[in-house]
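Encoded as structure tokens, the structure appears first; notes follow it.
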Amino acid sequence: MDIEIFKNDCLISSKKLDKLFYRKNALHLAKSLIGKIFVKKEKDEILGGMIVETEAYGLEGDLSAHSNKGKTKRNAPMFEEGGILYVYFTYGSCYCANIVSGPKDSGEAVLIRAVEPLLGIEKMFERRKLEKNEKNIYKLCSGPGKFCEAFGIDLSYNYEDLTQEQIYLIEGRKISNQEIGVSARIGISKSKDFPWRFFLKNNKFVSKNKVVVYEN
DNA sequence: CCAGGGATCCGG
DNA sequence: CGGATCCCTGGG
């Protein structure tokens with residue numbers, strides 16, 4: 001079963017991304033994930049959204065990465081080969097989803113910080129317990145915890161293989177380098193100034209715009 | 001701005 | 001063990 005997504009009346013390529021796509025390092029992956037479509041198939045529903053904001057974690061010298069002090073039970077997915085999900089629970093309230101990158105044992109991942117909802121929007125309003133109106137569309141997935149809540153992602157999706165049928169990414173629209181903004185990552189206290197956050201410029205679905213933006 | 005919330009990690 | 005911290009969110 002193939003799916004079709006229309007955005008601005010243009011059919012977006014539905015080519016599923018393969019294992020090789022996820023093997024690159026987290027910084028490179030974080031940037032190339034912008035514009036890709038995250039797809040989750042449920043029992044009687046398909047959820048989809050364009051990734052508009054990401055952060056890279058776990059490369060050399062990154063003190064804020066969960067993997068920075070070696071493998072533990074929680075961060076173990078980060079040490080798998082790229083192409084699976086790493087989901088964790090934080091602040092006693094929400095889940096965050098990362099896409100594991102690089103070869104096995106590299107300890108790298110990319111946090112999905114925001115997506116632009118495209119499919120299954122009704123369901124997302126339901127899960128996020130938001131009144132359905134124009135303004136609230138921007139609150140559905142504009143943060144890592146919000147995204148997981150809207151898409152129904154919890155610990156049962158930890159280690160989920162993105163080359164399988166339930167959750168995967170498709171090609172989406174081609175994004176040029178000039179369309180991608182760069183900044184420091186949000187909500188961390190170590191390795192604060194690393195310019196490892198990427199987002200689609202002028203997109204209303206990114207989580208925060210009030211951050212220092214670096215030259216790309 | 002701030003408090004809630006629970007898992008995880010680290011030092012004693 | 002306890003206490004601090006945390007890739008956050010929602011409500012002032």
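Atom OH in Y91(A) sits about 8 Å away from atom C1' in dT5(C), given to the nearest Å. Atom OH in Y86(A) sits about 14 Å away from atom P in dC6(C), given to the nearest Å. Rounded to an integer number of Å, the gap from K69(A) NZ to dC10(B) C1' is 8 Å. The nearest whole Å value for the distance from the CZ atom in R113(A) to the P atom in dT9(C) is 7 Å. Atom CG in L63(A) sits about 13 Å away from atom P in dC10(B), given to the nearest Å. Following rounding to the nearest Å, F89(A) (CZ) and dG5(B) (P) show an atom-to-atom distance of 11 Å. For the pair Y88(A) OH and dG6(B) P, the interatomic distance rounds to 18 Å; values are reported in whole Å. The distance from atom CG of L111(A) to atom P of dC8(C) is 7 Å, rounded to the nearest whole Å.
Using a 4.5 Å heavy-atom threshold, the side chains of L17(A) and L162(A) count as separate. For the pair K41(A)/Y168(A), a side-chain contact is recorded, criterion being any heavy-atom separation below 4.5 Å from C-beta on. Here the side chains of L27(A) and K31(A) are not in contact, with every heavy-atom distance at 4.5 Å or above. At least one side-chain heavy atom of R173(A) sits less than 4.5 Å from a side-chain heavy atom of E179(A).
Within the 4.0 Å cut-off from OP1 or OP2 of dT9(C), not a single side-chain nitrogen or oxygen of R128(A) is found. The phosphate of dC6(C) (OP1 or OP2) has a side-chain N or O of S189(A) nearer than 4.0 angstrom. Neither OP1 nor OP2 of dC6(C) sits under 4.0 Å from any side-chain N or O of H66(A). In terms of phosphate contacts, T72(A) brings a side-chain nitrogen or oxygen within less than 4.0 Å of OP1 or OP2 of dC9(B).
In this structure, Y57(A) counts as stacked on the base of dC7(C) under the 5.5 Å centre distance and 30° plane angle limits.
K190(A) comes within 4.0 angstrom of sugar-phosphate atoms only, judged by non-hydrogen atoms across all strands, and of no base. Note on I188(A): only backbone sugar-phosphate atoms sit closer than 4.0 angstrom, heavy atoms only; bases stay farther off.
Partners of T163(A) by side chain to side chain donor-acceptor pair (under 3.5 Å), not counting sequence neighbours, listed by chain and number: D161(A).
Here the side chain of C94(A) is nearest to one of dC8(C), dA7(B), dC7(C), namely dC8(C).
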**Prompt:** So what does the secondary structure string of DNA chain C come out as, 5' to 3', with Watson-Crick or wobble pairs under 3.5 angstrom, [ ] for crossing and | for pairs with another strand?
**Reply:** ||||||.||||.
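At least one donor-acceptor pair under 3.5 Å links the side chain of D62(A) to the backbone N or O of S64(A).
Each of R74(A) and K139(A) has a nearest nucleotide on DNA chain C; the 5'-most of these lies closest to R74(A).
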What donor-acceptor contacts under 3.5 angstrom involve side-chain atoms of residues 136-150 of chain A, with partners at least two apart or in another chain?
residue : atom : partner : partner atom : Å
N136(A) : ND2  : E131(A) : O            : 2.7
S142(A) : OG   : Y138(A) : O            : 2.8
S142(A) : OG   : K146(A) : NZ           : 3.3
E149(A) : OE1  : R128(A) : NH1          : 2.8

